[in-house]
Structure formats: C-alpha cells, structure tokens
Amino acid sequence: MTQNPPLLRPDLAPAPVFDTTRREGQPTIGMVSLGCPKALVDSERILTRLRAEGYAISPDYKGAGAVIVNTCGFLDSAKAESLQAIGEALAENGKVIVTGCLGAEPEYITGAHPSVLAVTGPQQYEQVLDAVHGAVPPSPDPFIDLLPASGVTLTPRHYSYLKISEGCNHACKFCIIPDMRGKLVSRPAHAVLREAEKLVEAGVRELLVISQDTSAYGLDRKFATERGHRAHITDLARDLGGLGAWVRLHYVYPYPHVRDLIPLMADGLVLPYLDIPFQHAHPDTLRRMARPAAAAKTLDEITAWRAACPDITLRSTFIVGYPGETEAEFQTLLDWLDEAQLDRVGCFQYENVKGARANDLPDHIPDEVKQDRWDRFMEKAQAISEAKLAAKVGQRVEVIVDAVDADGATCRTKADAPEIDGNLFIDEGFQDLAPGDIVSVTVDEAGEYDLWGRL
C-alpha cells in the first residue's frame, strides 16, 4: 500500500465505481467523469436518469453504445485534460457526448473535436438525455430494469456526496464558476434531508456535503423554513447530524456565522472537520483576488474554533504566484501558515483561465518563480502535517474502512476526506473488516500524510 504523494489535488473527484450488470440486448452508456465532486454528483444524476430509462452502464469504451464525457473547465490544465479525455473516447468508441463546465464553451470543444455528437453545459441534464436517445435509442424492460432506491452512485457504497446548492454569488477574479454555473441556487432543506435519509437507509455511513459555497446555503431562499426545515447551513448540519452517519462539510466560505457550526462539531453531530478555501493570507493579494482581506481576524477565528472544539481538523487550499504577488507577500503567507498550523493543505500555482478578470492584472509571475514558491509552500505544509500526525501516535481513534485487500485495510480517520486527505493503514488482524465498517484503532506510526495503526 502506497502513501499519498505530496502533490494532493483537492479538485479531483474519486474514480467512479460502476454497477456493470447488464441484461441481454440492453443499451449501454459509458461515462467519464472529470473534475470536482460536484461534477461527480451531476454524473450520478445523469446516470440515474439513464438507468431509469433502461440503460446499462459500461465499464469500458468498447462495450458502450456511446460515451458521455463530463468535463472540467476551471483551469486551463483541466481544459486540456478534458480535451484529451474527449479525444481518447472518440478514438476508442467514436460516439461521444460532451457535458459539464467546459461545455459552456462549445466552440472550444468542437474546434478541437468536430465529430462529437453533442455539447451541453453544466446541469443540462435534459439535453444530455436527448443526445443519448439520438445516439443509442432506449429499450427499457420495466419488469427487469429496477433502479436502486438511492439512484446510481459513482462512489463506494459507504460514502456519498450530498450537493446542497448550485452556483456562487462571489466574484473572485481568478474564478469563472459563476459564469459557468450561475448565481447561488439552494435546494430546499427538506429535499436535501430526504435525499440524505435515502442514502443512509441504503447503507451510506458518511455524507460529504458539497456546493460552491456551503456556508451561503439558503441565502437565495432568504433562509426560509419549508416543511419544517430551515434553509440555513447551521440548521441543515444539525438535521443531517441526526441521521446517524458521519457528516463532513466541504467548501465552507469563512463567513462569521461559521462559528455557529463549531458547537455541532464539539457535540459530535458533525465531524470536527472544516474545509475552508482561504486562498492567501496577505491583504493586498486577497484584495487583488477580490477576496476578504482580514487574515489577522481569520487567525483569531481559528483560535476560537480550536478553543471550542480542540479536535477540529482544518483543511484549506491556497494559490501561489497570483499576479502581483511579491516575495514579501508570499513570505507573509508562509508566516501565516506557520501561525495557523492548518492540518490539511492543498496548493495551486496560479493559471490564467479564459474569461477570468485576473488575466488582465499587471505583473504576472514567471513560471519558475511560481514553481519555486509552490515547492517552498508545500515543504512547510508537509512539515506541519508530519508533526501533527506524529502527535497522534499512541492515540485511540475512530476510522472508517474504505478498502480491504490482501495487504491490509485502507481506512480514514474523522480528519480525512476521501481521495484528498491521508489514510490510516491496518496491516495486521484486518481480515474480518469490510468497507464501511467504523472501528477503533490505536495509532502506531505516522508519516508525512498517512498513519498506520492496529485494532
């Protein structure tokens, strides 16, 4: 079993897990899902609709009547990856339907791959279905094609992403998500709770709450109460915490009312894990990003969160090499990280993205300087991670089992989200464990990102 590499990409969704059972003559569709977990949820919704219409899901290109590629368009490197995936699907299958964030730029896709059957933007489920119908006509058998109560999921059975809203009201200069996905649109709280209940009933042990801006949930609905449930992140988190599963909050923008979530973590209703994208620490850099520029107050908030919930794990992502970032500004970020002592950290080198306002800023940073700053940032973050994990040796912790093979069990603590954080490995006495089990483990050994332990 290998350790996680230092280059941890927090925008990558986990590898899909498909149910590939198929009846005689059943039409099949393949799916390539790129980008963030929010896109993965979109893929799940598309496949759930297709399964309801009698389609099977193919695990490979050759067995599919057509392939849907759900693209990412957040960074230029992600766009290149999406074009490469489309080209691979065309070469291997020939019938390709493109959707997702990059689908908001159809000419960009068709310019590179003119033979794609259709291009649709994010959340355009009906258009995707229409394109599939044209390429591979449905042939349902209502007596055989039973849809699972929880729908089609692309994650292991024991955890699932729970998307609570679409879009974002912020205007960060480096980001084009509001242009691709629109303004904030929150789901009714009762609908979110109903989906969560179905997932837990189907065996999900961990709910990963996601959106573009989780702490803004319900703002567009004026935090209205419908069917007994208020559309506010604090109320929603409390309601979800009553379902008996682990509840993990992602993409929590640092609004002041985030402090109201901490008591829920201290009381065990929500996992003591807070994923907040701080992006930088120098006030001038943050202003150029059009982000809140009160890094000193953020340190005060972090101190208060830890006082209220000493076990809290803080995850964040940062951008280095943003236009105009001076060496002094970058050093401020390093000093801030020293003081904040965040548990889990991801870092990106700034990239221009077509349509982003940051492209027009002066004083862009040379690639070699961005690389140097990324290296120095990750070196510091790695040292902090290593020290924090070393302090866990000898402790008894609860873990959820993700996988079991001949070598051992791969697990996660409450401090680790799937795919983006570390693992805890059990090398002995693991034979009776199964994915989804939650067990108590003594930590024996620590590395830079991972732990080893025993039952």
Side-chain angles (χ1 to χ4, degrees), residues 159 161-165 186-190 192-193 195-197 199-200 204-219 221-226 228-278 292 294-316 339-345 388 391-392 395-400 412-417 421 438 440:
Y159 69 80
Y161 292 99
L162 183 66
K163 186 155 62 169
I164 63 174
S165 65
S186 302
R187 298 175 60 194
H190 63 83
V192 175
L193 262 294
E195 179 183 352
E197 288 168 352
L199 289 169
V200 174
V204 168
R205 306 294 305 276
E206 180 179 10
L207 297 167
L208 300 118
V209 177
I210 57 170
S211 66
Q212 302 297 338
D213 182 0
T214 294
S215 44
Y217 170 73
L219 178 64
R221 309 183 76 90
K222 299 182 179 178
F223 306 123
T225 298
E226 301 175 62
H229 297 282
R230 182 173 176 243
H232 189 283
I233 187 56
T234 306
D235 297 73
L236 181 65
R238 185 182 296 108
D239 289 342
L240 291 171
L243 298 180
W246 284 12
V247 177
R248 191 181 301 276
L249 302 178
H250 285 284
Y251 316 124
V252 181
Y253 203 87
Y255 295 126
H257 69 256
V258 168
R259 63 178 67 112
D260 297 331
L261 293 169
I262 310 304
L264 302 182
M265 298 178 181
D267 292 342
L269 281 176
V270 177
L271 290 184
Y273 180 98
L274 204 52
D275 175 8
I276 295 188
F278 290 121
K297 290 183 179 179
T298 301
L299 288 172
D300 293 339
E301 283 293 308
I302 290 173
T303 300
W305 297 339
R306 286 176 168 150
C309 183
D311 293 334
I312 194 169
T313 295
L314 299 178
R315 152 165 276 284
S316 192
E339 194 165 352
Q341 290 287 299
L342 301 181
D343 304 87
R344 306 283 186 266
V345 173
K388 281 182 167 285
K392 294 181 182 293
Q395 292 184 12
R396 195 80 180 160
V397 298
E398 244 188 351
V399 302
I400 189 167
R412 288 178 293 108
T413 72
K414 293 179 179 180
D416 299 297
D421 294 327
I438 295 177
S440 183

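These figures come from a predicted structure and were not determined experimentally. Values below: every heavy atom of this structure, side chains too, minus hydrogens, waters and symmetry copies.
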Does Q341 CD have over 12 foreign heavy atoms under 6.0 Å away?
yes
How many angstroms lie between atom OG1 of T234 and atom CG of L264, to the nearest 0.5 angstrom?
6.5 Å
With heavy-atom distances below 4.5 Å as the criterion, would you say the side chains of Y255 and L219 are in contact?
no
In this structure, which one of T214, I233, D275 forms a side chain to side chain contact (heavy atoms under 4.5 Å, CB included) with V252?
T214
Supply the atom-to-atom distance S186 OG to D213 CG, rounded to the nearest 0.5 angstrom.
9.0 Å
Below 4.5 Å, heavy atoms only, C-beta onward: do L193 and L240 meet side chain to side chain?
yes
CA sep, side-chain torsions, deciding dist, call: D300, T303, side-chain hydrogen bond (donor to acceptor under 3.5 Å, both in side chains)
CA-CA 5 Å; D300 293 339; T303 300; 5.4 Å; no
For R221 versus A231, what's the shortest heavy-atom pair and its separation?
CD-CB, 4.2 Å
Step by step, would you call T413 with K392 a side-chain contact (heavy atoms from CB on, under 4.5 Å)?
CA-CA 11 Å; T413 72; K392 294 181 182 293; 5.8 Å; no
Under a 4.5 Å cut-off applied to non-hydrogen side-chain atoms, are R205 and W246 in contact?
no
May I ask you to test the K414-T313 pair for a side-chain heavy-atom distance under 4.5 Å?
no
With side-chain contact (heavy atoms from CB on, under 4.5 Å) as the criterion, how do L261 and L249 come out once you've worked through the C-alpha distance, each side chain's angles and the decisive distance to 0.1 Å?
CA-CA 10 Å; L261 293 169; L249 302 178; 3.9 Å; yes
With side chains defined as the heavy atoms from C-beta onward, is the minimum distance between L207 and V200 less than 4.5 Å?
yes
Looking at every heavy atom in both S165 and S211, which two are closest together, and how far apart are they?
OG-CB, 3.1 Å
Can you confirm whether L236 sits close enough to V192 that some side-chain heavy atom of one is under 4.5 Å from a side-chain heavy atom of the other?
yes
Show the nearest heavy-atom pair for residues A308 and A266, with the distance to one decimal.
O-CB, 3.6 Å
Using every non-hydrogen atom in the two residues, find where A415 and D421 come nearest and quote the distance to one decimal.
O-OD2, 3.8 Å
Is any side-chain heavy atom of H257 less than 4.5 Å from a side-chain heavy atom of S215?
yes
Rounding to 0.5 Å, atoms NZ (K388) and CG (L314) come to a distance of 7.5 Å
With rounding to the nearest 0.5 Å, note down the distance linking NE2 in H229 to CG in D239.
5.5 Å
With rounding to the nearest 0.5 angstrom, report the CG to OG1 distance, D235 to T225.
7.0 Å
Using the rule given for side-chain contact (heavy atoms from CB on, under 4.5 Å), can you reason through V247 versus L162, listing the C-alpha separation, both sets of side-chain angles and the distance that settles it, and then say yes or no?
CA-CA 10 Å; V247 177; L162 183 66; over 6 Å; no
Atom CE of M265 and atom CD1 of I262: how far apart are they, to the nearest 0.5 Å?
4.5 Å
Less than 6.0 angstrom from the centroid, inside 45 degrees of the normal: does R412 satisfy that with respect to the ring of Y159?
yes
Main-chain N/O of K163 paired with R187 side-chain donor or acceptor, under 3.5 Å
yes
Specify whether H250 and Y273 have parallel, tilted or perpendicular ring planes, treating 30° as the upper limit for parallel and 60° as the lower limit for perpendicular.
perpendicular
Side-chain contact test, heavy atoms from C-beta onward, threshold under 4.5 Å: evaluate it for L269 versus R238 and give yes or no.
yes
Might you work through the side-chain contact (heavy atoms from CB on, under 4.5 Å) test for Q212 and Y251, ending with a clear yes or no?
CA-CA 6 Å; Q212 302 297 338; Y251 316 124; over 6 Å; no
Restricting to non-hydrogen atoms, name the atom on Y217 and the atom on F223 that form the minimum distance, rounded to 0.1 Å.
O-CE2, 3.4 Å
Of all the heavy-atom pairs spanning D416 and R248, show the shortest one and how long it is.
O-NH2, 3.0 Å
